[in-house]
Amino acid sequence: MPKVSDKWPRPRPSQSSLQRRALHHPGRIWVLLILGSLTLNLVMIALLASLYEGGGTPGCKAERSILVAEKKKSVVAAPQQQSTVEELVSAEEISVSSTSGKRPASKDAIINLDHGDPTMFESFWKEMGEHGDITIPGWQAMSYFSDVTNLCWFLEPEFADEVRRLHKLVGNAVADNHFIIVGTGSTQLFQAALYALSPPDAPEPMSVVSAVPYYSSYPAVTDYLQSGLYRWAGDASMFDGDAYIELVCSPNNPDGSIREAILKSRYGKTIHDLAYYWPQYTPITDAADHDIMLFTVSKSTGHAGTRLGWALVKDKDVAKRMIKFIELNTIGVSKDSQLRAAKILKAVSDGYELPVSQTNHRLFDFGRQLLSIRWQKLQAAVKASDIFSLPDFPLALCKFTGENTGTYPAFAWLKCEKEEVEDCEGFFRKHNIITRSGRHFGVEPKYVRISMLDRDETFHLFIERVLMLHH
C-alpha cells in the first residue's frame, strides 16, 4: 500500500473516540478545562477594568459621561471654546438615589434636597379635593390627533385655553400673539427649540451658552445626543462670536436672580426659560413678551409627575420646526397628561376668578406664604451658624398682588464661608444632607443649591440640622 503523506489532513477523531480518551486520561481534560476557565476570567477582568476606567465601551463616546470634573479643583466658568470634557461636571453625578422623593424615616435619616421635587404643594391639592380631580373614560383620547386645524396638532384645545387664561390672570407672559406648543416637560421643549433655531446647513454646530451660574441640566441636555446642529459652549459672558443660542433662565435656577440676555447679535438667538416666573416665587413686574418662552406644570402648580410643559413661540417657522422635533421624538404628547393639566390649571384660575363663596383655595397665595416662612427660617439658621451666606433679594411691586412682595426662590443658593471647607456639598454630605454642588452650575464648589420645595417634615429636619452647624 502506498504510504500516506504526513501533509495530508488527518481524519478527525469520532465522538466515541474522544469519549474513550477522556475515560483513559481524565487528568489531562481537567487541566485543560481549568486553564481555559482561568484564561477566560482574566480576559473578562481586563475588559471590565477598561470599562470602569473609561466610563463605557471603547469608542462609544455618546454613552460616556459628557461632563467630567476634576474633584480636587474648584471649577469656574471655562473660557469660550476652551472648555474641555474634563473641566465640566459629570451628568452621571446628577442621579436618582434611594432617598429621592422619600420622607425622612428618622431624625438621623439622610435628607435629600438635590432635586427640585415640588412635594410641598401636596397639602394644597389634598385640600382642593374634587376641584383637582379628573376621570378619563377608557374610550377618550385614544387618537394620536387632537386638533388637526391647529399648527400644533397634538395640543388639546382645553389645555391651550387654560394656558391662555392663566397667563392673562397672572400677567406674567403675553400669550395672545404666540403659538402654544405642548411638550413632555420643558426639557423636551428646550431640545425642540435648539433643533428649531440651529441652521441645518451651518458649517459648524451652533454654540449654546448661558451665564453662570446656569441651570445644571443645560450642558448635559444640550450635548446628550452629540448633535451636529448645536453644542454646549459654556458661560455666555465669556463667549466671543456672532452665532449662538443664549439660554436665559429668569428667575434663575439656581440663584433666583432676575436675568436678561447679555449677548447682542443679529445672528444670535435667545430662549427664555420662565419656569419660575410665577407669583409664589417672585414679584410679577411685567408680562414677558419674548420670541420663545418655556413654562412647566411642575413648577407652576407642583405637578412634576404629569411631565408637561408648554412653549409660547412668536415665529411660525420656528414653531413648525419645534413641532416637527416633538413629532419625530415622541409622536406628540400624552393627551391624558394634557387633560389632567387642563383641570389643574382651571382649578388654579377658578380660585381667583370665582366668588370666594365657591372656592377659597388660592395656589399662589399658599405657595408664597409657605415659601416666605421657609426662607425666614433658613435665613435665621444661616445667620446663627455664621458659616454660610445667602443672596439678598429686594422687595418689588408685584402687579399680580398689587403689593410690594419679596422674592422666595424655589432653591437656596448657599455659599460655605468656612475657610477650610472648599467642597460645600461634601461638607453637607457628612451631615447626611444631600445638595447639588456649584460645580454642576459652572462655578466653584464652595456653593451648593438646596431645594426649598420638599415636604414640611423634610424641610423642618433640614433646618434643625443646619442650626447644629457652627464654627
Side-chain angles (χ1 to χ4, degrees), residues 77-78 80 83 116 167 170-175 177-179 181 183 185-198 206-223 230-278 281-296 298-300 309-315 318-319 322 391 393 396 407 409-411 413 440-443 449:
Q80 167 57 24
S83 62
H167 281 304
V170 176
N172 62 340
V174 176
N177 63 342
H178 290 72
F179 295 96
I181 304 173
S186 59
T187 299
Q188 186 185 39
L189 292 164
F190 165 58
Q191 291 177 306
L194 293 182
Y195 170 80
L197 296 177
S198 300
M206 197 76 157
S207 295
V208 181
V209 297
S210 186
V212 296
Y214 44 69
Y215 175 38
S216 55
S217 290
Y218 284 160
V221 174
T222 300
D223 284 343
Y230 49 82
R231 65 185 174 195
W232 178 250
D235 183 9
S237 63
M238 303 294 292
F239 182 77
D240 183 17
D242 293 324
Y244 58 83
I245 299 173
E246 182 179 359
L247 311 175
V248 180
C249 185
S250 183
N252 189 42
N253 176 358
D255 64 0
S257 62
I258 300 299
R259 290 197 165 185
E260 296 180 354
I262 64 175
L263 299 177
K264 304 293 181 184
S265 168
R266 63 174 181 163
Y267 301 108
K269 308 293 183 182
T270 306
I271 300 172
H272 283 80
D273 184 348
L274 306 182
Y276 302 93
Y277 192 42
W278 296 99
Y281 306 117
T282 188
I284 303 301
T285 57
D286 210 349
D289 190 14
H290 305 293
D291 291 341
I292 300 177
M293 298 179 284
L294 307 182
F295 296 89
T296 173
S298 66
K299 297 307 185 291
S300 56
W310 68 92
L312 302 179
V313 183
K314 278 187 179 180
D315 186 87
V318 172
M322 289 180 67
F393 301 102
T407 296
F411 299 100
W413 186 236
H440 295 287
F441 305 90
V443 299
R449 190 196 74 173

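- The shortest heavy-atom contact between Ala211 and Arg259 is O-NH1, 2.7 Å.
- Between Ala410 and Tyr276 the shortest heavy-atom distance is CB-CE2, 3.6 Å.
- In this structure, the side chains of Phe393 and Pro409 come closer than 4.5 Å at one or more pairs of heavy atoms.
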Thr296 and Leu189: CA distance, side-chain angles, deciding distance, side chain to side chain contact (heavy atoms under 4.5 Å, CB included) verdict: CA-CA 10 Å; Thr296 173; Leu189 292 164; over 6 Å; no
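- Rounding to the nearest 0.5 Å gives a distance of 11.0 Å between CH2 of Trp310 and CG of Leu294.
- No option in Tyr215, Tyr214, Tyr218 other than Tyr218 meets the side chain to side chain donor-acceptor pair (under 3.5 Å) test with Asp273.
- The distance from the CG atom of Leu194 to the CZ atom of Arg231 is 14.0 Å, given to the nearest 0.5 Å.
- Under the 4.5 Å side-chain criterion, counting only non-hydrogen atoms from C-beta, Val313 is in contact with Met322.
- Taking each heavy atom of Val212 and Gly442 in turn, the nearest pair found is CG1-O, 3.8 Å.
- What you find for Leu247 and Ser210 is that their closest heavy atoms are O-OG, 2.9 Å.
- Of the inter-residue distances, the one linking Glu260 atom CD with His272 atom NE2 reads 7.5 Å to the nearest 0.5 angstrom.
- Tyr277 places a side-chain heavy atom less than 4.5 Å from the side chain of Thr285.
- Asp255 approaches Pro213 most closely through the heavy-atom pair OD2-CG, 3.7 Å.
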Phe295/His167 under ring pair (Phe, Tyr, Trp, His ring centres under 6.0 Å): CA gap, chis, key distance, verdict: CA-CA 11 Å; Phe295 296 89; His167 281 304; 4.6 Å; yes
Could you walk me through whether Leu197 and Met206 pass side chain to side chain contact (heavy atoms under 4.5 Å, CB included), step by step? CA-CA 9 Å; Leu197 296 177; Met206 197 76 157; 5.9 Å; no
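- Between Ala275 and Lys299 the shortest heavy-atom distance is O-CB, 3.5 Å.
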Run the side chain to side chain contact (heavy atoms under 4.5 Å, CB included) check on Val221 and Trp232 step by step: do they pass? CA-CA 9 Å; Val221 174; Trp232 178 250; over 6 Å; no
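- The main-chain N or O of Gly268 is never found under 3.5 Å from a side-chain atom of Glu246 such that the two would form a donor-acceptor pair.
- Between Asp289 and His178 the shortest side-chain heavy-atom distance falls below 4.5 Å.
- In this structure, CE in Met293 is found 7.5 Å from NZ in Lys314, a value given to the nearest 0.5 Å.
- Note that CG of Leu312 is 11.5 Å distant from CG of Asp291, once rounded to the nearest 0.5 Å.
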Quick one: do Tyr244 and Lys269 satisfy side chain to side chain contact (heavy atoms under 4.5 Å, CB included)? Show the steps, please. CA-CA 6 Å; Tyr244 58 83; Lys269 308 293 183 182; over 6 Å; no
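- The line from OG of Ser237 to CG of Leu263 is 8.5 Å long, rounded to the nearest 0.5 Å.
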